[in-house]
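Quick notes on the structure that follows.
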Amino acid sequence: MTTPDWLAEGAKHVWRPYCQMKTAPAPLPVVRTHGSRLVLADGRELVDGIASWWTACHGYNHPHIAAAVREQLEAMPHVMFGGLAHEPAYRLAARLAAILPGELDHVFFAESGSVSVEIAMKMALQFHINRGETGRTRFLSFRGGYHGDTLATMTVCDPEEGMHSLFSGVMPSQVIADLPLDDASEAALDALLAERGGEIAAMLTEPLVQGAGGMLFHDPEVLRRLRRLADRHGVLLIFDEIFTGFGRTGTLFAMQAAGIEPDIVTLSKALTGGTLPLSAAVASRKVFEAFWSNEAGAALMHGPTYMGNALACAAANASLDLFETGAWEADVARISAALTEGLEPCRSAPGVVDVRVLGAIGVVEFETPVAVGALCQAFAEKGAWIRPMGKVVYLTPAFTTPDADLDILLAAIRDVIGAGGVEGTGGV
């Protein structure tokens, strides 16, 4: 493959994510996108099996989202959110409050998922401070969890996950526990909260699927157990729906499968349909009311520079328009069926310990970490862009991915995994 001049020159200066720059293969140069496909500089097209880290849920270049962004660009790309207001953000906040369950109706915007989790953590800490409970300074999160790469979010990720082990001891340690998967583990968590609940501000988890920690699934009853325990011990419950939100698991929000809601939920990724960076920490009425005061010091003193960016909010509103049509539900069911059938043969492949599907998420798990770079190249040779992580090869395609493109993705996985050679050093 011929290397474009811009890639050769820029490669001297760009620091890439999640790779050892000295040994990692060169990235594939993408020059445009359409539907579920990436077009490379040499003209090849790859079917994107992970929707650009789970963001492009409606596919690339969706005309409705593109038109909304162009219209907003002409009118106003951005204004500061401190002391000013604009329709895209205020309309989006009202729409999110309307579609989220329960009393999750106060929306704080940011730019990235990690930052929205940090904001949720900050809200939880100050919630207790504003109520006179100054001892609640820690968080309880769960093994297998992943909530971001910023300093505070690293502390609530699984400490054994690997990416953040170098930073052990840099930030205050949090309380890490096992998810309450059954009565015994619920009793163990109950006992832990009885012992240490007075120092815990909130529990934090990814509902139904722990994403970057290994695509680990759990039953909706786990969320109901967490809600009961949070209420019993006076701690807030935060759901990180950055990955699971907006249809990925089969319901619009994963929490809906359990019929309960948290005190704070974080959203990002598919919020804008994979077009522009935007995130939100959405708080319940109970949480917001702890900040509603005549005292200036009770306010949440936080404000990202690009908070409520008008372009991003216009894209998000257009994405919600598409969700309101309801077409995504049939698409997710169609993809789920295809993944279930298409990945099942991998169960007998060398090194495979599990194959699982939930909604538009398909996972093949191996006993040991896989060779991410080599597998990416092998999949690309089969016409698919699939980037494994840790011990899993997974698919999270756009909901609009046509059946023919799903066939390409599934055949690529079966062919490459069946040929062996998946072991490696892991990665994301």
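For reference, positions follow the sequence shown, starting with 1. What you see is a predicted model; the values in this text were computed from it and never measured.
Shown are Arg285, Arg95, Lys286; of these, the salt bridge (charged side-chain N to carboxylate O under 4.0 Å, His left out) with Asp105 is made only by Arg285. With Thr153 as the partner, the side-chain hydrogen bond (donor to acceptor under 3.5 Å, both in side chains) test is satisfied by one option alone out of Thr150, Thr155, Asp149: Thr150.
Using the six-membered ring where Trp is involved, Phe288 and Trp292 have ring planes that are tilted, between 30° and 60° apart. Relative ring orientation between Trp54 and Tyr394 is described as perpendicular, the plane-to-plane angle rising above 60° on a 0-90° scale split at 30° and 60°. Using a 30° and 60° split on the angle between ring planes, Phe81 and Tyr90 fall in the tilted class, from 30° to 60°.
Here Phe253 and Phe246 bring their ring centres to under 6.0 angstrom of each other.
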Output, in order, the C-alpha distance, side-chain angles, deciding distance and verdict of side chain to side chain contact (heavy atoms under 4.5 Å, CB included) for Ser268 and Leu278. CA-CA 6 Å; Ser268 190; Leu278 183 68; 6.0 Å; no
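Under the 3.5 Å distance criterion, with hydrogens and angles disregarded, a donor-acceptor pair is assigned to the side chains of Glu241 and Thr244. Of the N and O atoms on the side chains of Asp48 and Tyr60, at least one donor lies less than 3.5 Å from an acceptor on the other residue. Looking only at atom types and distance, the side chain of His58 has a donor-acceptor partner in the side chain of Ser319 under 3.5 Å away. Of the N and O atoms on the side chains of His34 and Glu45, at least one donor lies less than 3.5 Å from an acceptor on the other residue.
In this structure the side chain of Glu329 never reaches within 4.5 angstrom of the side chain of Val332, judged on heavy atoms. Looking at Glu186 and Leu229, their side chains come closer than 4.5 Å, going by heavy atoms from C-beta outward.
Between Asp178 and Arg143 there is a salt bridge, with a side-chain nitrogen of the basic residue lying less than 4.0 Å from a carboxylate oxygen of the acidic one. The existence of a salt bridge linking Arg232 and Asp190 is confirmed by a sub-4.0 Å separation between a basic side-chain nitrogen and an acidic carboxylate oxygen.
Phe399 is linked by a ring-ring contact (aromatic ring centres under 6.0 Å, His included) to nothing, counting only residues two or more places apart in sequence or in another chain.
Between the side chain of Arg136 and the backbone N or O of Gly197, at least one donor-acceptor pair lies under 3.5 Å.
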